[in-house]
Amino acid sequence: MNIIFFGPPGAGKGTQAEIICTCLNIPTISTGAALREAVKNETPMGLAAKSAMESGSLVPDEVVIGIIRDRLAQDDCKNGYILDGFPRTVAQAEALDAMGQKIDTVISIVASDEKIVERLSGRRLCGVCGASYHLVYNPTKDNKTCDKCGADLIIRKDDAPEVVKSRLETYHAETEPVLAYYTEKGLVKSIETQEGVEETTRLVKQALCI
Ligand code: AP5
């Protein structure tokens with residue numbers, strides 16, 4: 001099954017994608033994670049993407065389309081995949097079609113701007129293994145270190161309130177039109193995010209009939 005997780009920043013796409021990819025035994029491909037890795041390793045792509053990411057704008061289409069094209073060509077994508085954070089523009093959606101990729105379902109996770117601000121202000125990440133937590137909704141034992149590997153938790157630079165505002169503006173202006181693109185194709189299943197990861201997962205599984 002080829003699935004897209006769509007929604008505003010902080011809606012819970014990454015959290016749900018991580019759970020569902022284990023259920024279905026297919027990989028999750030996150031352009032955000034790939035770009036953060038490139039920034040961390042100071043690759044030419046990372047250096048080019050850094051300022052856009054830190055200001056809450058989108059990285060140029062050709063960069064993210066290149067990431068996706070290379071990743072989908074790998075063997076582990078043959079039996080299906082989850083795309084998390086791609087496509088984010090209509091041009092990216094068209095490029096995916098032009099690659100001959102057939103999308104089965106688009107899970108649109110709906111969350112208000114207010115909810116997004118609450119989610120992202122409380123998000124913490126493990127600086128080493130990348131595990132994602134929330135101070136209130138998904139806390140670690142001490143809210144300072146990672147339950148999985150014990151490393152310190154960090155705050156994503158783009159979770160600063162002024163950057164979140166800009167990411168939301170970018171989402172409404174450039175990414176929301178992607179939903180109409182897939183709605184016209186009859187592929188969208190919308191889910192209202194729930195107060196709690198498990199209840200949201202229940203709705204996602206129901207929508208995917210798994
Ligand atoms: P990216 O990493 O994709 O960021 P994003 O879309 O803004 O999404 P997030 O990772 O912030 O949120 P999420 O929806 O995955 O939520 P999460 O599960 O973590 O992209 C970063 C940047 O890279 C972009 O701004 C852009 O610059 C660039 N980029 C990436 N892709 C691009 C593309 N295709 N084109 C151009 N540029 C691109 O959850 C958030 C928090 O809420 C967590 O703390 C979590 O624990 C908590 N939580 C989750 N679900 C629940 C729940 N149901 N109840 C309570 N808490 C919950």
Side-chain angles (χ1 to χ4, degrees), residues 4-21 28-40 45-46 48-69 71 82-93 95-96 107-113 115-126 130-140 143 146-147 153-160 163-176 178 191-204:
I4 291 172
F5 275 76
F6 182 89
K13 305 180 294 295
T15 301
Q16 294 302 323
E18 203 180 307
I19 296 167
I20 299 299
C21 76
T28 288
I29 302 163
S30 159
T31 40
L35 289 165
R36 274 188 293 283
E37 190 65 16
V39 170
K40 193 166 126 192
M45 182 175 79
K50 194 169 185 263
S51 67
M53 292 176 78
E54 287 182 358
S55 68
S57 330
L58 294 182
V59 170
D61 285 338
E62 58 274 21
V63 174
V64 285
I65 290 167
I67 293 174
I68 291 294
R69 183 179 288 114
R71 186 63 187 84
I82 295 175
L83 295 178
D84 164 19
F86 183 95
R88 256 173 152 100
T89 64
V90 172
Q92 291 176 20
L96 193 60
I107 298 290
S108 169
I109 304 183
V110 179
S112 66
D113 286 9
K115 176 66 68 191
I116 295 307
V117 171
E118 183 197 6
R119 291 263 174 95
L120 294 182
S121 61
R123 176 162 61 181
R124 297 292 181 272
L125 294 181
C126 173
S132 176
Y133 301 98
H134 190 280
L135 292 179
V136 177
Y137 299 113
N138 184 20
T140 69
N143 263 341
C146 176
D147 283 349
L153 300 183
I154 57 167
I155 300 177
R156 246 170 72 171
K157 273 192 182 159
D158 62 349
D159 282 348
V163 186
V164 169
K165 186 169 173 279
S166 157
R167 285 163 69 194
L168 278 169
E169 283 164 8
T170 303
Y171 171 77
H172 291 306
E174 298 182 54
T175 304
E176 259 175 3
V178 175
I191 283 164
E192 185 79 38
T193 190
Q194 302 295 305
E195 202 83 338
V197 172
E198 278 179 22
E199 181 55 13
T200 310
T201 303
R202 193 184 66 76
L203 296 180
V204 171

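Being a predicted model, the structure only gives us computed values, none of them experimental. Counting starts at 1 for both ligands and their atoms, in listed order.
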Q: Hey, could you give me the NE2/CG distance between H134 and N143, rounded to the nearest 0.5 Å?
A: 10.0 Å

**Q.** Sub-3.5 Å N/O-N/O distance, R124 and ligand 1
**A.** no

**Q.** Pair R202-E198, salt bridge (Lys or Arg N to Asp or Glu O under 4.0 Å): steps then yes or no
**A.** CA-CA 6 Å; R202 193 184 66 76; E198 278 179 22; over 6 Å; no

Q.
Quick check against the 3.5 Å criterion: does S57 have a side-chain atom that pairs as donor or acceptor with the backbone of M53?
A. no

Q) Any donor and acceptor pair, going by atom type alone, linking the side chain of T175 with main-chain N or O of R88 inside 3.5 Å? A) yes

Q: Ignoring angles and geometry beyond distance, decide whether Y137 reaches within less than 3.5 Å of ligand 1 through its nitrogen or oxygen atoms.
A: no

Q) Is it the side chain, the backbone, both or neither of R167 that has a heavy atom closer than 4.0 Å to ligand 1? A) side chain

Q: Could you tell me if any non-hydrogen atom of G122 lies under 4.0 Å from any atom of ligand 1?
A: no

Q) Does any N or O in the side chain of Y133 come within less than 3.5 Å of the main-chain N or O of D147, such that one atom is a donor and the other an acceptor? A) yes

Q) At what distance is the nearest protein heavy atom to atom 31 (N) of ligand 1, and which residue and atom is it? A) T31 OG1, 2.8 Å

Q: Can you pull out the closest protein heavy atom to atom 50 (N) of ligand 1? Residue, atom name and distance to 0.1 Å, please.
A: R119 NH1, 3.7 Å

Q.
Between R124 and D159, does any NZ, NE, NH1 or NH2 come within less than 4.0 Å of an OD or OE carboxylate oxygen?
A. no

(Q) Looking at Q194, I'd like to know if its CD atom is crowded, meaning that more than 12 non-hydrogen atoms belonging to other residues, nucleotides or ligands lie closer than 6.0 Å. (A) yes

Q) Hey, does S57 sit under 4.0 Å from ligand 1 if you only count heavy atoms? A) yes

Q. Which heavy atom of the protein is the closest neighbour of atom 37 (N) of ligand 1, given with residue, atom name and distance?
A. V59 N, 3.1 Å

Q | Which segment of L58 sits under 4.0 Å of ligand 1 when only heavy atoms are counted | A | both

Q: Mind checking the CD1-CD1 spacing from I109 to I191? Nearest 0.5 Å is all I need.
A: 6.5 Å

(Q) Under the criterion side chain to side chain donor-acceptor pair (under 3.5 Å), I'd like the reasoning laid out for D84 against T28: C-alpha separation, chi angles, the key distance, then a yes or no. (A) CA-CA 7 Å; D84 164 19; T28 288; over 6 Å; no

Q. To the nearest 0.5 Å, how far apart are CD1 in I67 and CD in E37?
A. 11.5 Å

Q.
Out of all atoms in ligand 1, which are within 4.0 Å of some heavy atom of T193? Include the element for each.
A. 53 (N)

**Q.** Gap between atom CD1 of I29 and atom CZ of F5 - 0.5 Å precision
**A.** 13.0 Å

Q | Y133 neighbourhood, listing ligand 1 atoms whose heavy-atom distance to it stays under 4.0 Å | A | 43 (C), 44 (O), 46 (O)

(Q) Please determine whether any non-hydrogen atom of R156 lies less than 4.0 Å from an atom of ligand 1. (A) yes

Q: Return yes when atom NZ of K115 has more than 12 non-hydrogen atoms of other residues, nucleotides or ligands closer than 6.0 Å, and no otherwise.
A: yes

Q: Answer side chain, backbone, both or neither: which part of V64 comes under 4.0 Å from ligand 1, heavy atoms only.
A: side chain

(Q) So is R36 touching ligand 1 or not, going by heavy atoms under 4.0 Å? (A) yes

Q) Would you call A11 a ligand 1 contact, heavy-atom distance under 4.0 Å? A) yes

**Q.** ligand 1-proximal atoms of L35, by part, heavy-atom distance under 4.0 Å
**A.** side chain

**Q.** Shortest protein heavy-atom distance from atom 9 (P) of ligand 1, along with the residue and atom involved
**A.** R123 NH1, 3.4 Å

**Q.** Separation between NZ of K13 and OG of S108, rounded to the nearest 0.5 Å
**A.** 10.0 Å

(Q) If I apply the N/O under 3.5 Å rule, does G10 come out as touching ligand 1? (A) yes

Q | Heavy atom of the protein closest to atom 22 (C) of ligand 1 (residue, atom name, distance) | A | M53 CE, 3.9 Å

Q. With distance as the sole test, does T31 use its side chain to make a donor-acceptor pair with the main-chain N or O of G85 at under 3.5 Å?
A. yes

**Q.** Shortest protein heavy-atom distance from atom 8 (O) of ligand 1, along with the residue and atom involved
**A.** K13 NZ, 3.3 Å

**Q.** Structural part of D159 in contact with ligand 1, heavy atom criterion under 4.0 angstrom
**A.** neither

Q: Quick one: look up the protein heavy atom nearest atom 35 (N) of ligand 1 and list residue, atom name and how far away it is.
A: Q92 NE2, 3.0 Å

Q. What distance separates D158 CG from L120 CG, expressed to the nearest 0.5 Å?
A. 8.0 Å

(Q) Please tell me whether R119 and T193 have a donor and an acceptor in their side chains that are separated by less than 3.5 angstrom. (A) yes

Q) Which heavy atom of the protein is the closest neighbour of atom 6 (O) of ligand 1, given with residue, atom name and distance? A) R88 NH2, 2.5 Å

Q.
Could you check whether any heavy atom of G56 sits closer than 4.0 Å to an atom of ligand 1, since that is the contact criterion I want to use?
A. no

Q. What atoms of ligand 1 come closer than 4.0 angstrom to any heavy atom of T15?
A. 17 (P), 18 (O), 39 (O), 45 (C), 49 (C)

Q) Counting both backbone and side chain atoms, is some N or O of P9 under 3.5 Å from an N or O of ligand 1? A) no

**Q.** Numbering as shown, the atoms of ligand 1 that approach G32 to under 4.0 Å (heavy-atom distance)
**A.** 1 (P), 2 (O), 3 (O), 20 (O), 30 (C), 31 (N)

(Q) As an exercise, identify every atom of ligand 1 less than 4.0 angstrom from a heavy atom of G14. (A) 13 (P), 15 (O), 18 (O)

